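Each remark here refers to the structure printed beneath this line.
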Amino acid sequence: MAQEKKFVEAITPMNEDFAQWYTDIVKKADLVEYSSVKGCMIVRPYGYAIWELIQKELDRRFKETGHENVYMPMFIPESLLQKEKEHVEGFAPEVAWVTHGGSERLAERLCVRPTSETLFCDHYANIVQSYRDLPKLYNQWCSVVRWEKTTRPFLRSVEFLWQEGHTVHATAEEAQEETLRMLNTYASFCEDYLAIPVIKGQKTEKEKFAGAKATYTIESLMHDGKALQSGTSHNFGDGFARAFGIQYLDKENKLQYAHQTSWGVSTRLIGAIIMVHGDDSGLVLPPRVAPIQVVIVPVSQHVEGVLDKAYELKERLSRFCRVKLDDSDKMPGWKFSEYEMRGVPLRLEVGPKDIQKNQVVLVKRENREKIFVSMDELEARIPQVLDEIQASLYNKALAHRESRTFKATTLDEMENILNTTQGFIKAMWCGDEACEKAVKERMAATARCIPFEQEKISDHCVCCGKEAKHMLYWGRAY
RNA sequence: CGAGGUGUAGCGCAGUUGGUAGCGCGCUUGGUUUGGGACCAAGAUGCCGGGGGUUCGAGUCCUCUCACCUCGACCA
């Protein structure tokens, strides 16, 4: 489409200014509104509906694997937060504190949870006594607060919605199994539901979660070639258990420390959807997380019979998909643009000509492809077309990631890639943190992960030239 | 926390050497329209971010302050 006509004037083209494009979409698609509190966002109905679809499916998968939902307090006493040393140090700089209740100063200040490890641990110490009590597989849906300096809707806000799973196990093996199980749950969810391909791997020591033994991650690549950490799963070993005294008696009547995991994804996933699938006309939603899967736009709706037919179609479609009929008196062209901006995967046009031919016009959001379908075949065709779109979005995202994944054997090569195309860079690493830091300082790129799928690019570390231990994915990240 | 930018109607903006506020979009009403953001007519909407100053007079000048945005250092 060389001479593609620009239908939507309100959105900054992504090649011109990607950051502005992102901000435009978030606002023009009615996902969020900025709030009166710096760095916080008002999630509007359309944005929240996407979150609800994400929640619904993830929650189903969590329950299917034996997890139970709980709710922990929003406040953490300072003394509790400080029990695990590395953990506090990691979070201290971005914690918000409550110092007063009404007009009285609190004896001990309370932290607004930035994450709930300490609360779960404190609770687990109370309820775990015997190996018979294990495992405990808890999850909570809540919001957390991190006093960020630079904020962007969905990607980084002071308060954000997420889910945090916290589990306790008898053995290290079980904890490790759980850590990877949940990482896989996230990975398949992203790929099947959000149509976002991910790289699974382990974080380096430098990048891992404060207090964890090991952190695993799914990394995805945005349209502009920057990486986004899309979900993490941590194995805590028995570190937190030792700090909080979570012990149980095993079958031999010996006192043992428990092993723990935690894992989370947040509304950041919505940012990923925007930046992976969106285009210059606006948002593009994969059908499975689209609050509206099909929008019906009547044409010449003043003509006798058109609206009646539209209502009838809405009724029929609502039995098998999420459908909206826009019967407002806006021009059809206006509606086309509006729902493209909002990323509705499929548009159904129906007008006098269609009624005469007993057909409707389906138009795919992703490429504006028109499909003429007989009115008698909607139940069969629409779900099929939605599936095609879902698959096509995934394939496009995968192709894009592949086209933006490079190999490098020298720092010059890496830097050149980062300064020109930008994307994931596969390069060898000796395992020394000094090299990781050197790369970061020189080109502002971080080690995204040590992928499970290893590949030998060369024998030597890209930085120091010593013998390489792992292949890493590098990139600039959000 | 560093560097830059912006605050005037719901949104986007204009506002000259200082003279008491305007345009576009949107909104309301009526009519004509409807296959890619229609048109005509008539309306409604302002603590000019906030405080203090200069002045006969401040959206405009000075000063302090607050908020937000963007880009960097740290983080889901």
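Values reported hereafter were calculated over all heavy atoms of this structure, with side chains retained and with hydrogens, waters and symmetry mates removed. Bear in mind the structure is a predicted one, so any value in this text is a computation, not a measurement.
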> Which comes earlier along RNA chain B counting from the 5' end, the contact point of A:S157 or that of A:T151, where each point is its nearest nucleotide?
Replying inline: A:T151

> Taking for each residue the nucleotide of RNA chain B bearing the nearest heavy atom, is the 5' side occupied by A:T267 or by A:C40?
Replying inline: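 Result: A:C40.
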
>> Go through it in stages, so that I can follow the logic: the residues are A:E219 and A:K203, the test is salt bridge (Lys or Arg N to Asp or Glu O under 4.0 Å), and I'd like the CA-CA distance, side-chain angles, deciding distance and then a yes or no.
In response: CA-CA 10 Å; A:E219 298 284 325; A:K203 284 287 184 188; 2.9 Å; yes

Gap between atoms [atom1] and [atom2], on [X] and [N] respectively (whole Å):
X	N	atom1	atom2	result
A:Q301	B:A38	CD	C1'	14 Å
A:I196	B:A76	CD1	P	18 Å
A:R268	B:A76	CZ	P	7 Å
A:I270	B:A76	CD1	P	18 Å
A:Q20	B:G4	CD	P	20 Å
A:M331	B:G35	CE	P	5 Å
A:Q229	B:C74	CD	C1'	13 Å
A:Q356	B:G35	CD	C1'	14 Å

Under 4.0 Å, counting only non-hydrogen atoms across every strand here, what does [X] touch: a base, just sugar-phosphate, or nothing?
X	result
A:Y339	nothing
A:K353	base
A:P352	base
A:G264	nothing
A:D329	nothing
A:V361	base

In whole Å, measure the gap between the [atom1] atoms of [N] and [M] for me.
N	M	atom1	result
B:U45	B:G26	C1'	12 Å
B:A58	B:G49	P	15 Å
B:U20	B:G12	P	27 Å
B:G36	B:U60	P	48 Å
B:U33	B:U70	P	46 Å
B:U8	B:G15	C1'	9 Å
B:A76	B:A3	P	27 Å
B:C13	B:G7	C1'	12 Å

From [options], pick the nucleotide closest to the side chain of [X]?
X	options	value
A:V299	B:A76, B:G72, B:U34	B:U34
A:K226	B:G72, B:U34, B:G36	B:G72
A:A19	B:A73, B:C71, B:G35	B:C71
A:E148	B:U34, B:A76, B:C71	B:A76
A:F160	B:G35, B:G72, B:A76	B:A76
A:K149	B:G36, B:C1, B:G35	B:C1

>> Under 3.5 Å, is there any donor-acceptor pair linking the side chain of A:R146 to the base of B:C75?
In response: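 There is none.
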
> On a plain distance test, is the side chain of A:R347 in donor-acceptor contact with the base of B:G36 below 3.5 Å?
Replying inline: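 Checked by distance alone, the answer is yes.
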
Cationic tip of [X] within the cone over [Y]'s six-membered ring, i.e. under 6.0 Å and within 45° of the normal?
X	Y	answer
A:R156	A:W147	no
A:R288	A:Y193	yes
A:K226	A:Y478	yes
A:R146	A:F91	no

> Which string of ( ) [ ] | and . matches RNA chain B, if you list each base 5' to 3' and count Watson-Crick or G-U pairs only when both distances are under 3.5 Å?
Replying inline: (((((((..((((.....[..)))).((((((.....)))))).....(((((..]....))))))))))))....

Any ion pair linking [Y] and [X] (charged N to carboxylate O, less than 4.0 Å)?
X	Y	answer
A:K206	A:E436	no
A:E89	A:K85	yes
A:K335	A:E338	no

> Under 4.0 Å: is that the gap between some side-chain N or O of A:T23 and OP1 or OP2 of B:U70?
Replying inline: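 Checking B:U70 against A:T23, a side-chain N or O does come within under 4.0 Å of OP1 or OP2.
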
> Would one find a side-chain N or O of A:K440 under 4.0 angstrom from OP1 or OP2 of B:A73?
Replying inline: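 For A:K440, the contact criterion (side-chain N or O under 4.0 Å from OP1 or OP2 of B:A73) is not met.
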
>> Over 60° means perpendicular and under 30° means parallel, so tell me whether A:F244 and A:F240 are parallel, tilted or perpendicular.
In response: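 A:F244 vs A:F240 ring planes: parallel.
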
> Would you call the rings of A:W141 and A:W51 parallel, tilted or perpendicular, where under 30° means parallel and over 60° means perpendicular?
Replying inline: perpendicular

> Which letters describe nucleotides 8-14 of chain B, given B = protein heavy atom under 4.0 Å from base, S = only from sugar-phosphate, - = neither?
Replying inline: -------

>> The test is salt bridge (Lys or Arg N to Asp or Glu O under 4.0 Å); show your working for A:E349 and A:R347 and say whether it passes.
In response: CA-CA 6 Å; A:E349 298 172 22; A:R347 172 170 84 233; 3.0 Å; yes

> What do the steps show when you test A:Y138 against A:H166 for ring pair (Phe, Tyr, Trp, His ring centres under 6.0 Å), and what is the final call?
Replying inline: CA-CA 5 Å; A:Y138 289 175; A:H166 293 269; 9.4 Å; no

> Going through the checks in order, is the ring pair (Phe, Tyr, Trp, His ring centres under 6.0 Å) test met by A:F160 and A:F154?
Replying inline: CA-CA 8 Å; A:F160 59 92; A:F154 296 122; over 10 Å; no

> With centres under 5.5 Å and planes under 30°, do A:H302 and B:U34 count as stacked?
Replying inline: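 A:H302 vs B:U34: stacking yes.
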
